[in-house]
Amino acid sequence: MPEGPSLIIVKENISPFIGSKIIAAKGYADIDFSLLEQKKITAIETWGKHLFICLKDINIEIHFRMFGSYLINERKPKINAKLSLQFAKEELNFYVVDVKLIKDVSIYDKEADVMSEEWNAAKAIKKLREIPDVKICDALLDQQIFSGVGNIIKNEVLWLVKLHPETTIKNIPASKLKNLIKEVVNYSYEFLKYKKEGTLSKYWKAYNQKNCSRCKHKIVKLYIGKGKRATYICENCQKLKK
DNA sequence: ACCCATGTTCAGCT
DNA sequence: TAGCTGAACATGGG
């Protein structure tokens with residue numbers, strides 16, 4: 001479910017609720033549900049992997065983490081909703097998500113969101129240059145720099161630009177870094193397109209793959225970087241250069 | 001049945 | 001104190 005492009009789909013799917021009034025709000029989220037009741041949804045927004053359901057004076061922030069899901073006018077038979085919004089005739093249910101109420105959505109910098117029209121590539125490069133010793137695999141997952149990028153996008157983009165995940169930022173030439181950032185955004189939109197088609201996994205070049213489609217070399221799976229996340233590389237195409 | 005996963009935070013340790 | 005590790009969250013697919 002996660003990664004930025006998937007959140008764009010969520011936003012599109014629940015946008016028809018803009019203008020609808022919440023009649024009742026319930027669930028096991030640790031929030032004051034009464035703050036949501038009798039309020040109209042004014043906007044649906046996203047920031048990276050975060051979803052915002054905006055109301056007058058208050059916003060619901062939802063993060064799907066690894067296993068989060070949602071249903072429109074349907075309920076899961078076995079598990080309770082963390083948050084359930086009841087409208088006159090419809091309902092919106094969220095499962096296994098983090099829910100928070102926040103006053104102001106603008107604390108999130110849209111210029112750091114790879115799926116935003118306000119995405120600012122120059123700003124991302126500036127942030128990267130400030131952390132020269134950080135490995136690129138970790139920087140790509142840094143939500144303050146690349147909000148919305150997850151482990152799949154990380155793996156695919158590193159393969160596309162033939163960069164070893166453990167390359168430190170200071171060892172990446174300017175032109176390569178620029179290209180990398182371009183590919184992050186480009187692949188994220190490809191991800192969105194494929195996800196909508198239901199064909200995402202068909203287009204993976206590194207993530208979960210056995211062989212490199214460029215050179216036929218074996219793809220290896222490593223657990224590297226700060227979070228020891230699964231990282232797939234072609235050792236032939238993505239050699240570590242100092 | 002078992003293992004793994006598109007994520008993140010936090011407790012507890014060195 | 002900083003940095004690392006593992007747990008926790010809890011579901012679903014292969």
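Naming: A, B, ... by sequence-line order, numbering from 1 per chain. Because the structure is predicted, anything quoted here is derived from the model rather than measured. Atom set for the values below is all heavy atoms of this structure, side chains included, hydrogens, waters and symmetry mates excluded.
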Just the rounded figure in Å: distance from [atom2] of [N] to [atom1] of [X].
X	N	atom1	atom2	answer
A:Ile153	B:dA5	CD1	P	18 Å
A:Phe94	C:dT11	CZ	C1'	17 Å
A:Tyr223	B:dG7	OH	P	14 Å
A:Asp98	B:dT9	CG	P	9 Å
A:Lys226	C:dT5	NZ	P	12 Å
A:Trp47	B:dG7	CH2	P	14 Å
A:Ile152	B:dC4	CD1	P	17 Å
A:Asn155	B:dA5	CG	P	11 Å

Are a donor atom and an acceptor atom from the side chains of [X] and [Y] found within less than 3.5 Å of each other?
X	Y	answer
A:Ser188	A:Glu190	no
A:Gln144	A:Tyr108	no
A:Gln209	A:Asn211	no

#### Entry: Contiguous Watson-Crick or G-U pair runs (3 or more, under 3.5 Å) in DNA chain C
B:2-5 with C:11-14, B:7-14 with C:2-9

### Message
As a quick check of understanding, evaluate side-chain contact (heavy atoms from CB on, under 4.5 Å) for A:Ile58 and A:Lys39, giving each step before the final call.
### Response
CA-CA 10 Å; A:Ile58 199 88; A:Lys39 289 200 179 149; 4.1 Å; yes

### Task
Look at the side-chain heavy atoms of Ile, Leu, Val, Met, Phe, Trp and Tyr, link any pair under 4.5 Å apart, and say whether A:Leu158 and A:Ile181 land in one connected group.
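Linked within one cluster.
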
#### Entry: Contacts of A:Asp109 that satisfy salt bridge (charged side-chain N to carboxylate O under 4.0 Å, His left out) - sequence neighbours left out
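Residues passing salt bridge (charged side-chain N to carboxylate O under 4.0 Å, His left out) with A:Asp109: A:Lys123.
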
### Query
Got a sec, which residues hit salt bridge (charged side-chain N to carboxylate O under 4.0 Å, His left out) with A:Lys126, two or more places apart in sequence or on another chain?
A:Glu130

### Task
Evaluate the criterion side chain to side chain donor-acceptor pair (under 3.5 Å) for residue pair A:Tyr70 and A:Asn13; output intermediate values, then yes/no.
CA-CA 10 Å; A:Tyr70 68 104; A:Asn13 288 341; 2.9 Å; yes

### Task
Using the C1' atoms only, state how far C:dT5 lies from B:dT6, rounded to an integer number of Å.
22 Å

#### Entry: P atoms of B:dC4 and C:dG6, separation to the nearest Å
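About 14 Å, rounded to a whole number of Å.
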
### Message
Please list, in numerical order, the residues of residues 58-82 of chain A that have a heavy atom closer than 4.0 Å to any atom of DNA chain C.
### Response
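When residues 58-82 of chain A is checked for heavy atoms under 4.0 Å from DNA chain C, the hits, listed by number, are A:Arg65, A:Phe67, A:Lys76, A:Ile79.
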
### Message
Just to be sure I understand the geometry, which residues of residues 193-209 of chain A put a non-hydrogen atom under 4.0 Å away from DNA chain C?
### Response
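Per residue number, the list is empty: none.
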
### Task
Kindly state each residue pair satisfying salt bridge (Lys or Arg N to Asp or Glu O under 4.0 Å) with at least one member in residues 203-216 of chain A, sequence neighbours excluded.
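Passing the test, one end in residues 203-216 of chain A: no pairs.
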
### Task
Would you indicate whether the side-chain heavy atoms of A:Ser69 and A:Lys76 approach each other to under 4.5 Å?
yes

### Query
Pick the nucleotide of DNA chain C nearest each of A:Lys228 and A:Tyr28; which residue has the one closer to the 5' end?
A:Lys228

### Query
Angle class for the A:Phe52/A:His50 ring planes (parallel below 30°, perpendicular above 60°, tilted otherwise)?
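Parallel.
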
